Amino acid sequence: MSITAILTAALVISVLGLVFGALLGVTGRVFAVPSNPTVDALRECLPGANCGACGFPGCDGYAAAVAEGKAEVGACAVGGPACTEKMAEIMGVSASAGVRMVATVACQGHGDHCAQKNYQGIHDCNAAALVDNGTKACQYACLGLGTCERACPFDAIHIDPVKKIAVVDKEKCQGCKKCVAACPQHVLSMQPADRVVQISCHNPGKGNALKEKCDKACVGCEACVKACNFGALSMENGVPKIDYDKCVGCMACADACPTGAMTADYEVRKEAYIDADKCVGCTLCTKQCKFDAIEGALKQKHKVLGACTGCGACAAKCPRKAIVMRDRRAPRNKMDKVKKAPVAPAAKPAAPAAAKEPEQKA
Amino acid sequence: MNQILTILIGSIFVNNFAMSRFYGICPFLGVSKKLDTAFGMGMAVTFVMAVASLVAYLVNAFLLVPFGLEYLQTIAFILVIAVLVQIVEMVLKKMAPSLYQALGVYLPLITTNCAVLGVAQLNVTEGYNLILSVINGAASALGFTLSICLFAGIRERLAVGNMPKWMEGFTGALITAGLMAVAFNGFNGLI
């Protein structure tokens with residue numbers, strides 16, 4: 001190939017490139033769209049994961065929506081409270097940090113509790129769920145084959161190798177809800193991250209027959225609903241539903257549950273302690289306590305008994321700030337509470353037989 | 001006149017770019033979730049393909065052929081197409097921001113869309129003159145628009161339908177596209 005040919009080719013393409021480049025430059029000037037500095041500033045705050053958990057198409061979409069006023073500042077679960085604060089500053093609004101929600105597993109059907117069938121098949125919960133009502137004795141169980149683990153982009157949910165059910169790492173969970181959508185058994189749901197009680201079974205059936213399938217099943221006895229003194233429990237679809245706005249974390253429901261389906265983080269349970277030096281015996285706390293766990297008459301020093309659940313209602317009410325919530329010394333003893341004075345039985349009327357006899361004799 | 005009609009029928013129905021030649025499958029699958037977006041995409045592609053055919057013909061006839069540089073057709077055409085798509089993007093961003101948002105990343109993907117390069121190469125291979133090249137470009141794009149709009153309509157219907165879980169999303173879409181392609185086979189032998 002002669003040098004002329006190569007040069008011609010190079011020249012032609014270069015000229016073409018230059019002409020088109022100039023054309024683009026001119027068009028760029030003519031059709032320039034000024035970029036909104038607010039949107040740029042908001043976009044800087046966002047983490048850039050483009051996960052879509054906020055409900056907008058990527059971080060750009062969310063920044064644009066907030067700038068237009070179509071969205072609130074707190075929707076980014078990945079950015080968290082820090083991001084929300086920065087965005088609130090830019091937009092000039094006060095940031096009310098919402099409750100952080102994390103994924104929650106509503107099943108304890110592992111090992112000894114729920115029998116496992118011998119499954120030889122595709123290692124995916126979607127496949128296992130199609131076979132014979134699932135591969136565990138309870139058809140609502142977590143199948144432990146890792147579909148949720150694979151769906152999580154933050155490495156926050158794992159299948160426990162011994163238990164073979166899903167376990168969520170609350171610190172890593174960003175609340176993107178991808179695992180909730182991926183689970184074919186609907187075992188996962190979003191619950192507040194700071195909760196201390198949760199229902200760990202979502203079997204809607206009732207009756208003790210359920211315990212044959214899993215001994216940690218919720219049998220629908222409603223003992224928890226009755227045990228709750230704060231109105232936080234109700235039954236929905238055959239399982240209890242906790243209203244976390246009302247729940248104070250007393251764990252009385254978990255105490256009352258006969259099967260252990262209602263689980264609580266007992267390690268963080270507190271107990272009330274009354275500082276005897278500060279207590280003046282005003283009985284405000286005894287009236288507050290819904291568990292009859294504080295004894296003491298008026299003007300007497302009050303004492304907290306073993307039935308205390310650590311709900312903290314008394315500490316909030318004490319006018320002398322004499323009550324502190326401290327780590328428990330012993331597990332809760334439901335029976336160690338204030339004994340109510342026995343009610344005297346009504347006086348029986350005179351025995352009618354004694355009245356009849358004199359009549360017969362006469 | 002006869003030739004123009006043949007080109008029109010041929011490019012729109014018989015040799016439909018998406019259904020028979022399988023060009024432009026990326027936007028075909030990516031932008032066909034809603035009918036409005038699909039139509040907008042179709043219009044953008046029509047404009048790009050018509051103008052690209054025109055400019056490509058001019059570049060080929062006046063720059064490449066006289067200097068014996070036919071082997072540079074691919075590069076030159078891609079240059080032309082890339083510039084055109086950039087211009088379309090800038091114009092859309094200014095004039096129709098909602099369409100720009102809706103098309104998203106699929107707008108610059110028209111550049112790498114083999115349909116546009118394909119039609120430019122086709123014009124050269126068939127030896128069309130300027131008028132016929134532009135007509136072929138526009139007609140092919142209209143055929144593409146037809147197929148993408150039909151597909152979008154079906155997909156909108158599938159989205160609200162009662163599909164088994166394994167058939168949701170792309171699975172159902174691809175099976176549908178395949179069936180559509182079989183249906184378009186019916187035009188064979190028309191011209």
Side-chain angles (χ1 to χ4, degrees), chain A residues 1-36 39 50 52 56-65 67-68 70 122 124-131 147 151 178 181-186, chain B residues 30-31 33-34 37 51-52 55-108 111 120 164-169 171:
Chain A
M1 194 153 231
S2 69
I3 205 83
T4 337
I6 300 176
L7 280 176
T8 330
L11 197 66
V12 166
I13 295 292
S14 314
V15 165
L16 216 52
L18 278 169
V19 168
F20 284 141
L23 182 64
L24 274 178
V26 168
T27 326
R29 289 283 162 80
V30 172
F31 289 98
V33 175
S35 86
N36 190 342
V39 176
N50 283 325
F56 292 95
C59 300
D60 292 329
Y62 181 53
E68 282 172 32
K70 287 188 187 163
I122 305 173
D124 188 289
C125 302
N126 286 299
L130 290 170
V131 175
T147 304
K178 288 206 161 100
C183 177
Q185 297 282 83
H186 306 295
Chain B
V31 194
K33 283 214 177 106
K34 295 178 83 163
T37 344
V51 181
V55 181
Y57 176 85
L58 293 172
V59 166
N60 190 37
F62 295 111
L63 269 180
L64 295 180
V65 169
F67 292 105
L69 298 171
E70 285 88 345
Y71 63 90
L72 287 176
Q73 264 160 14
T74 314
I75 296 183
F77 289 171
I78 290 189
L79 202 54
V80 168
I81 295 166
V83 170
L84 269 171
V85 172
Q86 271 298 295
I87 294 178
V88 168
E89 225 191 303
M90 284 191 255
V91 171
L92 267 188
K93 194 167 180 187
K94 179 103 180 181
M95 301 301 188
S98 51
L99 182 61
Y100 178 79
Q101 292 286 4
L103 289 177
V105 73
Y106 289 99
L107 191 52
T111 316
K165 184 141 186 217
W166 58 270
M167 206 152 148
E168 275 173 18
T171 321

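Only a predicted model underlies this, so the values are computations on that prediction, with no experimental measurement involved. Within every chain, numbering begins at 1; the chains are lettered A, B, ... in the order of the sequence lines, protein sequences first and strands thereafter.
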Under the side chain to side chain donor-acceptor pair (under 3.5 Å) test, residues paired with A:Gln185 that sit two or more places apart: none

Set of side chain to side chain donor-acceptor pair (under 3.5 Å) partners for A:Thr147, sequence neighbours left out: A:Asp124

Pairwise distance CD(B:Glu89) to OG1(A:Thr27) - rounded to 0.5 angstrom: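 Reported value, rounded in 0.5 Å steps: 12.5 Å.
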
Separation of A:Leu16 CG from B:Leu63 CG (nearest 0.5 Å): 6.0 Å

Minimum side-chain heavy-atom gap A:Val12-B:Leu69 below 4.5 Å: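 Yes, at least one pair of side-chain atoms sits under 4.5 Å.
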
Non-hydrogen side-chain atoms of B:Met90 and A:Val30 separated by less than 4.5 Å: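 Heavy-atom side-chain distance check fails, nothing below 4.5 Å.
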
Minimal non-hydrogen separation, B:Met95 against A:Phe31, with atom names: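 Taking every non-hydrogen atom into account, CE-CE2, 3.5 Å.
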
Neighbour count above 12 (heavy atom, 6.0 Å) for B:Lys94 NZ: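 Enclosed: over 12 neighbouring heavy atoms sit under 6.0 Å from NZ of B:Lys94.
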
CD1 (A:Ile122) with more than 12 external heavy atoms under 6.0 Å: no

Steps toward side chain to side chain contact (heavy atoms under 4.5 Å, CB included) verdict (B:Val55, A:Phe20): CA-CA 11 Å; B:Val55 181; A:Phe20 284 141; 4.2 Å; yes

Among B:Ile87, B:Leu84, B:Val59, B:Ile75, residue most engaged with chain A (heavy-atom pairs, under 4.5 Å):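 So the answer, after comparing B:Ile87, B:Leu84, B:Val59, B:Ile75, is B:Ile87.
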
A:Ala32 portion near chain B, given a 4.5 angstrom heavy-atom threshold: backbone

